[in-house]
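Remarks on the structure that follows.
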Protein chains: 2
Amino acid sequence: MQVLLKKYMEKNRSDCPISCSLEVFGDKWSLLIIRDIMLRGKVSYSEFLESEEKIATNILANRLSVLEAEQILKKQVSPHNKSKYCYSLTPKGVDLLPIVIEIMDWGAKYHVQCPRRELGKRIKKEKAAVISEYLDKLHRDARHASKQ
Amino acid sequence: MQVLLKKYMEKNRSDCPISCSLEVFGDKWSLLIIRDIMLRGKVSYSEFLESEEKIATNILANRLSVLEAEQILKKQVSPHNKSKYCYSLTPKGVDLLPIVIEIMDWGAKYHVQCPRRELGKRIKKEKAAVISEYLDKLHRDARHASKQ
DNA sequence: TCTTAGTGCTTGCAAAATGCAAGCAAATAT
DNA sequence: ATATTTGCTTGCATTTTGCAAGCACTAAGA
């Protein structure tokens with residue numbers, strides 16, 4: 001077993017739900033991978049590598065394995081290309097959407113260098129509607145992926 | 001200047017609001033300090049050290065200085081005890097509440113070992129009301145702190 | 001006034017995580 | 001048969017974290 005995976009076998013720091021959550025995705029990369037799948041339609045290792053934040057290959061491989069072990073992501077062989085894998089969100093992963101949306105909203109409000117794009121503007125005006133639309137879509141995707 | 005503060009002078013990885021936010025509080029400790037102030041009424045260095053997650057003293061000092069530099073926290077000398085400091089949330093810090101609440105809600109749903117306590121149960125039933133009540137209270141606290 | 005305790009740190013060092021470049025193996029494409 | 005795509009692993013240097021100890025300032029007690 002990878003050394004980097006060891007910590008996920010160990011006892012939690014506390015039984016606080018915030019602390020337990022941060023032990024899973026409290027780092028600078030995990031939620032960016034989730035963002036790429038959730039909001040940008042990315043599904044593969046090579047697509048995640050292309051993001052402008054430039055994650056290192058070993059870190060990406062590690063985060064994908066952790067998120068899969070935590071049952072936030074599911075890894076499946078691509079139907080028509082055996083050398084390709086598709087990563088998709090499980091229902092547990094889909095439920096991270098409100099967190100991602102709130103982080104985006106806060107970031108857009110307080111980082112002047114982050115222009116609000118279409119989604120950001122819609123969130124500012126009608127956050128609840130955006131979340132429920134995305135939840136519907138993502139849950140449909142998750143059901144579809146679980147059939148394969 | 002502290003070496004650990006250097007990164008906050010450097011350019012962001014990207015202009016994505018999610019990425020920029022994670023560069024500020026995307027780690028395993030920052031949001032726990034925010035939680036302690038926001039939901040547990042803690043205000044001092046020694047109170048933060050007492051939390052069950054047992055943050056190291058140097059990490060706590062560093063996170064407090066980063067959060068202060070980011071204008072998420074404000075540090076003030078205690079009115080009646082010159083050897084004591086009070087850390088409080090700025091309006092920018094108060095606006096992290098929805099993120100903290102969503103993380104708590106997700107954690108309570110998916111970590112069986114995290115019992116939903118009073119606040120967790122109220123969030124499950126009436127998230128919007130809980131958020132707006134806390135926002136009111138925290139904004140009042142922030143205004144009060146800014147007068148001193 | 002000397003001592004003790006409380007508060008908020010800093011420092012040094014070991015361990016762990018991260019970042020970077022290179023390499024590699026299986027599956028396709030040419 | 002050869003080259004390319006895809007998804008990694010490995011080795012090594014750098015950075016961050018964790019732990020224990022120490023320290024400066026304030027306040028309180030003997």
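Chain letters run A, B, ... following the sequence lines, proteins first and then strands; every chain starts at 1.
- At least one donor-acceptor pair closer than 3.5 Å links the side chain of B:E23 to the backbone N or O of B:R13.
- The side chain of A:K84 has D:dT6 as its nearest neighbour among C:dC9, D:dT6, D:dC8.
- Applying the salt bridge (charged side-chain N to carboxylate O under 4.0 Å, His left out) test to residues at least two apart or on different chains, the pairs with a partner in residues 41-59 of chain B are B:R35-B:E53.
- If you check D:dA21, D:dA27, D:dC8 against the side chain of B:K82, the one that comes closest is D:dA27.
- Here the side chain of B:T57 is nearest to one of C:dG8, D:dT17, D:dA20, namely D:dA20.
- The distance from atom CZ of A:R63 to atom C1' of D:dT9 is 16 Å, rounded to the nearest whole Å.
- Applying the side-chain contact (heavy atoms from CB on, under 4.5 Å) rule to B:D136 yields the partners B:R140; only residues at least two apart in sequence or on another chain are considered.
- Between the C1' atom of C:dC20 and the CG atom of A:N62 lies a distance of 16 Å, rounded to the nearest Å.
- Looking only at distances, no side-chain donor or acceptor of A:W106 sits under 3.5 Å from a matching main-chain atom of B:G93.
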Between protein and nucleic acid, restricted to nucleotides 1-4 of chain C and to nitrogen or oxygen atoms under 3.5 Å apart, what atom pairs and distances do you find?
none

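- Side chains of B:L119 and B:V130 form a contact here, defined as non-hydrogen atoms less than 4.5 Å apart.
- Evaluation of the side-chain hydrogen bond (donor to acceptor under 3.5 Å, both in side chains) rule for B:K127 yields B:E102, B:D105 as partners, not counting sequence neighbours.
- Counting only distance, with no hydrogens or angles, the side chain of B:K92 and the backbone of B:I72 share no donor-acceptor pair below 3.5 Å.
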Protein-nucleotides 28-30 of chain D N/O pairs under 3.5 Å:
none

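- Computed from coordinates, the B:E23 CD to D:dT16 C1' distance equals 16 Å when rounded to whole Å.
- Taking the six-membered ring for Trp and thresholds of 30 and 60 degrees, A:Y87 and A:F48 have ring planes inclined between 30 and 60 degrees apart.
- Near DNA chain D, defined here as any heavy-atom distance below 4.0 Å, the residues from residues 40-56 of chain A are A:S44, A:Y45, A:S46, listed numerically.
- As a whole-Å value, the separation of B:D27 CG from D:dT16 P is 12 Å.
- The distance from atom CD1 of A:I59 to atom C1' of C:dA16 is 11 Å, rounded to the nearest whole Å.
- Look at A:Y87 and you'll find a side-chain N or O under 4.0 angstrom from OP1 or OP2 of D:dC8.
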Table of protein N/O atoms under 3.5 Å from nucleotides 24-26 of chain C N/O atoms:
none

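- One can place CG of B:N81 at 7 Å from P of C:dT7, the figure rounded to the nearest angstrom.
- Every side-chain hydrogen bond (donor to acceptor under 3.5 Å, both in side chains) that A:S30 has, sequence neighbours left out, goes to A:D27.
- In terms of phosphate contacts, A:W29 brings no side-chain nitrogen or oxygen within less than 4.0 Å of OP1 or OP2 of C:dA17.
- Under the salt bridge (charged side-chain N to carboxylate O under 4.0 Å, His left out) criterion, B:K124 pairs with no residue at all, not counting sequence neighbours.
- Scored by the salt bridge (charged side-chain N to carboxylate O under 4.0 Å, His left out) test, A:K109 finds B:D95 as partners (sequence neighbours excluded).
- Atom P of nucleotide C:dT10 and atom CG of B:L64 are separated by 10 Å, given to the nearest angstrom.
- Distance B:N58 CG to D:dG18 P: 9 Å, rounded to the nearest Å.
- Under the 3.5 Å distance criterion, the side-chain polar atoms of B:H111 are left unmatched by any main-chain donor or acceptor of B:G107.
- Applying the salt bridge (charged side-chain N to carboxylate O under 4.0 Å, His left out) criterion to B:E133, with sequence neighbours excluded, gives B:R122.
- When the side-chain hydrogen bond (donor to acceptor under 3.5 Å, both in side chains) test is applied to A:T90, no partner is found at least two apart in sequence or on another chain.
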